[in-house]
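Notes follow the structure.
A quick note: this is a predicted structure, and the numbers were derived from the prediction, not measured.
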Amino acid sequence: MTRPTPPSRLPEGGRIDRTRTLRCTFDGMEFAGHPGDTLASALLANGRIEVGPSIYRDRPRGIVTADCTEPNALVQVLDGGPEPLVPATRLELYDGLQVASLSGIGWLSNAPDPTVYDKKYVHADVVVVGAGPAGIAAALAAGRSGARVVLVEQGRELGGSLLDGGERIDGRPAVEWISRAAREFVDLPEVRVLTRATTVGHYDHNYLLIAEHRGNRQRLWHVRAQRVVLATGAHERPMVFADNDRPGIMLASAVRSYIKRFAVLPGREAVVVTTSDSAYLAALDLAAAGARVRAVVDTRPEPPQRLVEQARSIGAQVFTGSAVVGTTGDRRVSSARIAEIDGAGLIAGTPVDVGCDLLAVCGGWSPAVHLFSQAGGAVRWDQLVAGFVPEQKPGLPKVIGAARGTYDLAGCLAQGLSAGAEAATESGFRIAAPPVPPVTGDRPVAQPRPLWLVPAETGDPARWTEHFVDLQRDATVADVWRAVGAGMRSVEHVKRYTTIGTGSDQGKTSAVNAIGVIADALLAESPGEVGTTTFRPPYSPVSFALLAGRDRGALHDPVRTTPMHSWHVAHGAEFENVGQWKRPWYYPRPGEDMAAAVRRECLAARTGVAMQDATTLGKIEIVGPDAPEFLNRIYTNAFAKLPVGKARYGVMCTADGMVFDDGVSMRLAEDRYLMSTTTGNAAAVLEWLEEWLQTEWPHLAVHCTSVTEQWATVAVVGPDSREVVARVAPDLDVSAEAFGFMEFRETALGNGIPARISRISFSGELAFEISVASWYGMAAWEAVHEAGRDFGITPYGTETMHVLRAEKGFVIVGQDTDGTVTPHDLGMDWVVSKRKDFIGKRSFGRPDTARTDRKQLVGLLPLDPAELLPEGAHLVEPGTPLEPPVPMLGHVTSSYRSAILDRTFAMALVRNGSQRIGEVLDVPLDGRSIQVEVTKPLFYDVEGARRDGR
């Protein structure tokens, strides 16, 4: 059975596949379309131009554009991957598509998203953004050089405006020239063409983000280019007149696109209003498609005579020096009120009504300079173009075609061929610009006459509430004047006061008009005096799902494991998440709970020998002739004179003097250090180092490289650790006399594995750390375990490590510190140099930082040695009433049961803590209090003799 042709679908033409019919639903009503349609073109083909009420004023709104600038037709996709605020003009039709109209607000769905989101990282010599005539020409010229070229086009086809016109290039219709170019791109091995792909961001050093949509597959391309050519075209502007928001008022270029690309006639009785030449083509296309063009209204008093004659030849009445000053209609425009406009921009005659169901509007063209501005480029107002155009400077992307205000086809081709050849040559692929092919059907462009604010028919200021500037935000001229009246002068301030340009379209159809209205209100000579708002990425909205790619669900936070992970699993380890790492927490034996396992592991480390997987500690190589000076500035203590072969504990502070991280750094060579960091802070420390090198000290010759995953480390701890290490590394003298604390040696293990062994202790016991290349990690671990078997060597986890370090008063950054703690607060004055400068030193002289009553690290011993204090518990003066607000003295940072001390103990940050040693404080808990004695934060081996095995 043959389905009837939709009422507004033309019987022939377009770039759709009429052999197949697709069904979709819009607000529960079913519509038909064809492959190649967008949702917007299918709706128009079925006679539906209204798409929903406006967000604040509930006014009926219709489809306005045919591209990504659409402010009204935003829909909620209900099937497949539910997605809100999708422009119907960019949503390609597919069978079964279900959508709902929106009034500017979408919603998120809990339904599973079947869409596949990917990321891809590539390097290119030349990236050309935009595949209109200028972009195609640029890609051809660059591609023929052999350079790696990426051509990015947001539409489903190449060609841009050429798809709507009747121009001829090189003696052939423009569409044939496009087809030949597409075939040549296929034959050029280093050229990649991305369609349905939007360049959403241009970042430093030609780093581009490109969002590619392929049905239920989306991909975010991360592209680093040597040279970028922007052929992003221009956006047609609406006009600001009374009741300019009725359904049936569309951009003239959109009308052409629906006729030429989709074989859709948006209206039967049309009026065309324009400030420039281009809309006359819309009038001719409407007439050719069977519409009656009632009038062509041109703001210019003397438009080109040839255009006037063409309009009259199709039966249109031509109004020059005039504008549409208002409209009528209920759910759709039914007439346009036309009046003469004098040189001052005021109504000069009696308005006349012309009936119409379609009003095609062209308020001028705004070069799409968004990506150029994101790249750091400046724009200036061009009076001839009547738009903001880029100021080309070295080091910035090359802008060509309509994006720089060139609207003739020959000029676009010439600029494209020249820019493509230049970009390829600068990338190392020398080539001369090809000759510009001859063009026919092109026309010279006359100067436009922008009319930023069409006056109201009455002098009543209330009438400005119907002059809409931003359709998506329901913002009017009255809103702009209210902002100016409140003292706003900056376009950025007016934007925020009125919300103009803050919608999902980011003001693509409203921003320049708003600037023009502001200029009128401020009596500025041109919009150039007002300036533009800031163009920020993304150019078009991007879903968070696409940004995440496959980094979601189980892959949202990657699980990192050490080379010894399978051994830990096989031996029953319970695991703790530390950052992204799975670290053994404790190793329970049958019948043991956590407390029993930790007690056993602690005793093994204190009385015999134990081993821990310390692979996860952050490791960063600091390399370069200025590495000693760099570490001197980063750490609070000195590292420049540290001898090669030795290690030193260091603390780094933020600029406000607060502890940021700590760790041991080894000097591998005169120009090379290996820095260790806390496990969870490794990435942050590397970013910190890079920030200072790139922003404050770029003159320092230093490179920082993360090598955390390149090394596996086994810590061997306890009085018997020396004997075990001697067995594992038989060629190494591990005696106290030959191998001192904070020294390291390069050696080979007994099984031939190259290793670096260091004398470092985070437990206070005699200890060694054996580091090998990560692929030898399991072999090294098993070798240590075997060598210590007859000593009863015991693997231990992070909980035991915490107990051991706390018994010695060693802090853990992030647990015993909270971003408000200085080294002095921790009782670590010895680690702060008084002779050299370092990050944060100046802050130590601030009165607040030097206060003696700051919170300071202390130890706590419960008077009942069996009471375990909860970490985070507050401390108060004895007898303090527990009615809020309770004056808190501090809080417990670490709390454990000690096997070697046979009691509980804790560490805390307490106000004026160093002066409270010996005092008794209360820890209130659920209606009772635990009394604790304040002590120094050192509970075991006060003399430190056990560190060297004595």
Side-chain angles (χ1 to χ4, degrees), residues 614 617-679 681-711 713 739-747 754-762 769 771 811 813 822-824 826 828-845:
L617 289 178
K619 293 173 280 290
I620 302 171
E621 280 207 6
I622 316 292
V623 182
D626 294 323
E629 172 62 20
F630 178 58
L631 284 189
N632 247 20
R633 299 181 185 186
I634 289 291
Y635 280 125
T636 62
N637 48 332
F639 276 80
K641 296 182 180 179
L642 180 69
V644 174
K646 290 187 177 288
R648 181 168 292 162
Y649 172 79
V651 171
M652 60 181 72
C653 292
T654 49
D656 59 2
M658 305 304 158
V659 173
F660 173 52
D661 201 76
D662 68 341
V664 172
S665 289
M666 298 185 288
R667 191 165 193 173
L668 308 181
E670 291 295 332
D671 63 346
R672 185 181 297 264
Y673 293 78
L674 180 63
M675 171 191 290
S676 69
T677 75
T678 53
T679 295
N681 222 20
V685 170
L686 182 59
E687 290 178 3
W688 179 250
L689 302 180
E690 290 288 1
E691 179 181 348
W692 284 91
L693 282 175
Q694 293 180 31
T695 63
E696 302 299 324
W697 308 320
H699 58 281
L700 292 184
V702 178
H703 291 280
C704 302
T705 306
S706 173
V707 293
T708 300
E709 293 178 324
Q710 278 63 50
W711 293 94
T713 302
F739 200 162
F741 184 63
M742 286 294 187
E743 295 181 354
F744 66 91
R745 303 285 187 269
E746 305 286 346
T747 188
R756 178 184 296 134
I757 300 180
S758 56
R759 278 269 283 110
I760 297 172
S761 177
F762 194 46
E769 290 186 0
S771 295
V811 301
V813 174
T822 71
H824 303 288
L826 298 175
M828 298 170 63
D829 306 56
W830 54 270
V831 84
V832 179
S833 173
K834 293 180 173 59
R835 292 192 297 270
K836 73 176 184 70
D837 198 7
F838 55 84
I839 297 172
K841 181 176 183 178
R842 185 172 57 182
S843 297
F844 293 153

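At distances below 3.5 Å, at least one donor-acceptor pair connects side-chain atoms of Ser676 with backbone N or O atoms of Val664. At distances below 3.5 Å, not a single donor-acceptor pair connects side-chain atoms of Arg667 with backbone N or O atoms of Pro628. Between the side chain of Thr636 and the backbone N or O of Phe838, no donor-acceptor pair lies under 3.5 Å. Remark: side-chain polar atoms of Tyr635 are not paired, donor with acceptor, to backbone N or O of Ser665 under 3.5 angstrom. In this structure a side-chain-to-backbone donor-acceptor pair under 3.5 Å is present from Asn632 to Ala640.
Using a 4.5 Å heavy-atom cutoff, the side chains of Val623 and Thr705 are not in contact. Side-chain contact between Thr678 and Asp662: present, with at least one pair of heavy atoms (C-beta onward) separated by less than 4.5 Å. The shortest distance between side-chain heavy atoms of His824 and Val832 falls below 4.5 Å.
For Arg633 and Trp697, the positive end sits near the middle of the six-membered ring, less than 6.0 Å away and at most 45° from its axis.
Contact record, Ser771 with Thr713: OG-OG1, 3.0 Å, taken as the closest heavy-atom pair. Counting all heavy atoms, side chain and backbone alike, Ser761 lies closest to Phe741 at N-CE1, 3.8 Å. Shortest non-hydrogen contact noted between Met742 and Tyr649 is CE-N, 4.0 Å. Nearest heavy atom pair, residue Cys653 against residue Trp688, reads O-CZ2, 3.7 Å. Considering every non-hydrogen atom in both Leu674 and Val707, the closest pair reads CD1-CG2, 3.7 Å. Between Ser706 and Gln710, the shortest heavy-atom distance links the atoms O-OE1, 3.6 Å.
Rounding to the nearest 0.5 Å gives a distance of 9.5 Å between CD1 of Ile839 and CZ of Phe660. For the atom pair CZ of Arg745 and CZ of Arg759, the computed distance is 10.0 Å after rounding to the nearest 0.5 Å. Atom NZ of Lys834 sits about 10.5 Å away from atom CZ of Phe844, to the nearest 0.5 Å. Atom-to-atom distance recorded for Leu631:CG and Asn637:CG is 10.0 Å, nearest 0.5 angstrom. Atoms CG and CE, from Leu642 and Met666 in turn, are 10.5 Å apart once rounded to the nearest 0.5 Å.
For Lys646, the salt bridge (Lys or Arg N to Asp or Glu O under 4.0 Å) partners are Glu743, not counting sequence neighbours. Checked against salt bridge (Lys or Arg N to Asp or Glu O under 4.0 Å), Glu746 has the following partners two or more places apart in sequence or in another chain: Arg756. Contacts of Leu689 classified as side chain to side chain contact (heavy atoms under 4.5 Å, CB included), with partners at least two apart in sequence or in another chain: Ile620, Ile622, Phe630, Ile634, Met675, Val685, Cys704.
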Do Ile760 and Phe744 pass the side-chain contact (heavy atoms from CB on, under 4.5 Å) test, and can you show the C-alpha distance, the side-chain angles, and the key distance before you say yes or no?
CA-CA 9 Å; Ile760 297 172; Phe744 66 91; over 6 Å; no
